Amino acid sequence: MRAPKPLLLGVIAAVMVLVVAGGWFFSANPLQNRELDAVGRNEIASNGTVQGVLYPGNPVREARIVEAEDKRLVYVRTVAAAARWRVEGLSGAYRLNTGAVNTLVLPARDVPWTVADLLILAPQSFVQQPDGAFLLSENIAVLAGATLSLEAREGAEAGEGIRIRLKSDDEAFVSIVALGGSLSVAGSESSKAEITSWDPAAGEPDTDTRDGRAYVRAIGGNATFSHADFSDLGFWSGNTGGLALTGTDTVSMFTPSPGTAEPGPQPGAPLLPDTEVTTLSVVADDYSLVTAGIDDVTVSGNAYGIFITNAEDVLIADTTITDSLVDGLALHRGVSDAVIRRTTSSSNHVDGFSLDRSSTGVVYSDVTAKDNGRNGMSLDGQALADGPNATGTGTREFGGNTVRGSTMVDNERYGIEVSGGQRMRIIDNTVERNQVGVVVNEGATHVTIEDNTFEGQVAQSVAVRDGSVDTEITDNRIIGGDTGVYVRNADAQVTGNRMMSISNHGITLVGDMRDTYVTANSVAGYGSKAIWDKDSVSATVEKNELLDWHPAVTVTSVVNSVFQPLTFVWLLLAALLVASAVTRTRRLRVRTIGSPYPERVPLTSLSKGIVRFDGTRETS
């Protein structure tokens, strides 16, 4: 019997469906293939200044409190400058009425002001608690030439660190501010010094920033922090952000508001007489840049972990910053010759480390940024102005900053972002599991990205975008991710990189890039194309090793393969063989098995065999 024609056609159709379905399955596997069109799909939408985790406070109210704090400090500085010549015989500390909370002013003297001095000067506002901690309930201002040293006082048990709680509740908060003076907070390796905000009614640190919060700040002068913990401090601005080191590089003119110096009975603290301070233009002391040394410090829960601006010769080492409401370590403006090493900044709401415009000569060495809400590190070297402006600010770009031997892991947006500037160096770092590893944009020039290890980025390991020129991407090791290196409308030299396990493109080139060179790279993976340059103009691509690149299986590639003439013939023959086998099996199942020698059958098979004669007669 012949196989029915519908059965044969059905078998052929089934084979074809299986082939196409298999191609669809592999093409739908996101680990093996992506769409062929690379334009736009590899771009990460910029969120500008949008925070990774939104600030939880009250912007309107907190901004007003910041303004009030600025006015208070201007008033204190103005009175301090005027007091030297308006009050005869003034010496020692004095107290000013500065609103809801007084300010204890510590003027210059040859020896540091200590905890023992505070106990004498402010017995009602600096009080030791039953558990040994000290509660400070008024502001402290340290003037130029003075040093406030906060460390365990004489007579304390061996190894006992100082613990200071800054009063901070819904009625008022206090601060410790060095106005050109020096501030030192020191513990020991066995027992750290501790400074935190404190709500006496709740018996715990203040975590609500909406009504302001206690903070520590040095304006000019010098700050030294070692073996210390700072926690739950600051609100809204960098200056009031928690632990702030801010300088000024200009002489400032102040016009104070009317106020009254408040005399008081505290022993050992000579106070200004009850003198009305009228409107008075005073040239305040130029406190210049702040210098700082921070070693073995832990910062947690601040608004800004550590905020530094207008500073030089800053050293930060062996420090840990966590859970900041904005950035972990923020070097804002005018920071030069700073070294940050062996420091970890993690779980902050925005960036782990941020370096703003006009900062140069900053070296990050062996630092770690992980689990931050936006970037692990942001480096901005753009000019402060792009033309004539009201303040006469220059238009030059900044740079000369280095990130070396560091780790950027599991940040929500980028591992490192370089925005403008020049001569930025990113060398020998480990960058893992960010949305994008390193991004260079905003017209940055002469950026070096060399000898880094990138692993498991979601989109690109390195992206150079929009006007950035002379970026050198050299000798990096790139493992996994959608795309190894992405260059769009920029100039880059991509040489000597080793890429493996890439799932889409090893290198993607988009737009005009006449000075872009892609040479001597080794690209391995399983994607649509090793080097995508169809959307680029004038790029030079040559001498790259692509032997270990395997095109991904897609519907298009499967169909094209199947419908090659020879392949189609073989598939048709295979289908016919399968159909013939099925038909033969069906015949064997329905046919009766007979003897191969019908003419030689035994006689017994043709009769009843031997019977008795009597039986035969009876039958008849």
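In this text the structure is predicted, and so the values were computed from the model without any measurement.
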Partners of [X] by side-chain hydrogen bond (donor to acceptor under 3.5 Å, both in side chains), sequence neighbours excluded?
X	result
R396	none
R210	D208
R433	D410
D206	S168

Quick check for you: to the nearest 0.5 Å, what is the distance between [X] atom [atom1] and [Y] atom [atom2]?
X	Y	atom1	atom2	result
N372	D327	CG	CG	9.0 Å
R465	N441	CZ	CG	6.5 Å
L384	D386	CG	CG	11.0 Å
I427	S406	CD1	OG	11.0 Å
N521	I478	CG	CD1	8.5 Å
Y215	I195	OH	CD1	14.0 Å

Under the 3.5 angstrom rule, does the side chain of [X] hit a backbone N or O of [Y] as a donor-acceptor pair?
X	Y	answer
N310	L289	no
N497	I473	yes
T309	R333	yes
Y55	W236	yes
S345	G352	yes
T368	T407	no
D548	L546	no
Q435	V458	no

Does atom CD of E189 have more than 12 heavy-atom neighbours from other groups under 6.0 Å away?
no

So does R342 have more than 12 non-hydrogen atoms from other groups sitting under 6.0 Å from CZ?
yes

Report the residues that fulfil side-chain contact (heavy atoms from CB on, under 4.5 Å) with [X], sequence neighbours left out, ordered by chain and then residue number.
X	result
N401	L355, V362, M424
Q422	T445
L315	V339, R341
S536	L509, M513, D533, A539

Pairs meeting criterion ring pair (Phe, Tyr, Trp, His ring centres under 6.0 Å) with involvement of residues 416-463, two or more places apart
none

Quick test of your reading: applying ring pair (Phe, Tyr, Trp, His ring centres under 6.0 Å), list the pairs with at least one residue in residues 313-340, sequence neighbours left out, ordered by first then second residue.
F307-H332

Mind checking whether [X] and [Y] have side chains closer than 4.5 Å, heavy atoms only?
X	Y	value
E472	E450	no
T471	V418	no
F225	L243	yes

Closest non-hydrogen atom pair between [X] and [Y], with its separation:
X	Y	answer
A490	S468	CB-O, 3.1 Å
S197	L233	N-CD2, 3.4 Å
G376	A369	O-CB, 3.3 Å
L150	I162	O-CG2, 3.8 Å
G334	S358	N-OG, 2.9 Å

Is D380 paired with R357 through a side-chain N to carboxylate O contact shorter than 4.0 Å?
yes

Would you tell me whether [X] and [Y] have side-chain atoms, one donor and one acceptor, within less than 3.5 Å of each other?
X	Y	answer
S231	T196	yes
N222	T291	yes
T495	Q493	no
E62	T209	yes
T393	T391	yes
R217	S175	no

Apply side chain to side chain contact (heavy atoms under 4.5 Å, CB included) to L166 and I176, showing your working.
CA-CA 9 Å; L166 308 183; I176 299 175; 3.9 Å; yes

Out of the candidates L179, L148, V177, T147, only one should pair with V142 under the side chain to side chain contact (heavy atoms under 4.5 Å, CB included) rule; please name it.
L148

Tell me, please, which residues at least two apart from R72 pass salt bridge (charged side-chain N to carboxylate O under 4.0 Å, His left out).
E69

For E67, what residues pass the salt bridge (charged side-chain N to carboxylate O under 4.0 Å, His left out) criterion, not counting sequence neighbours?
K71

Please evaluate residues I426 and V431 with respect to the criterion side chain to side chain contact (heavy atoms under 4.5 Å, CB included), reporting the C-alpha separation (whole Å), side-chain torsions for both, the decisive distance (0.1 Å), and the verdict.
CA-CA 11 Å; I426 301 172; V431 185; over 6 Å; no

Should Y364 and N429 be marked as a side chain to side chain contact (heavy atoms under 4.5 Å, CB included) after you check the CA-CA gap, both sets of side-chain angles, and the distance that decides it?
CA-CA 11 Å; Y364 298 90; N429 302 287; over 6 Å; no

For the residue pair F235 and F173, categorise the inter-ring angle as parallel (less than 30°), tilted (30 to 60°) or perpendicular (more than 60°).
perpendicular

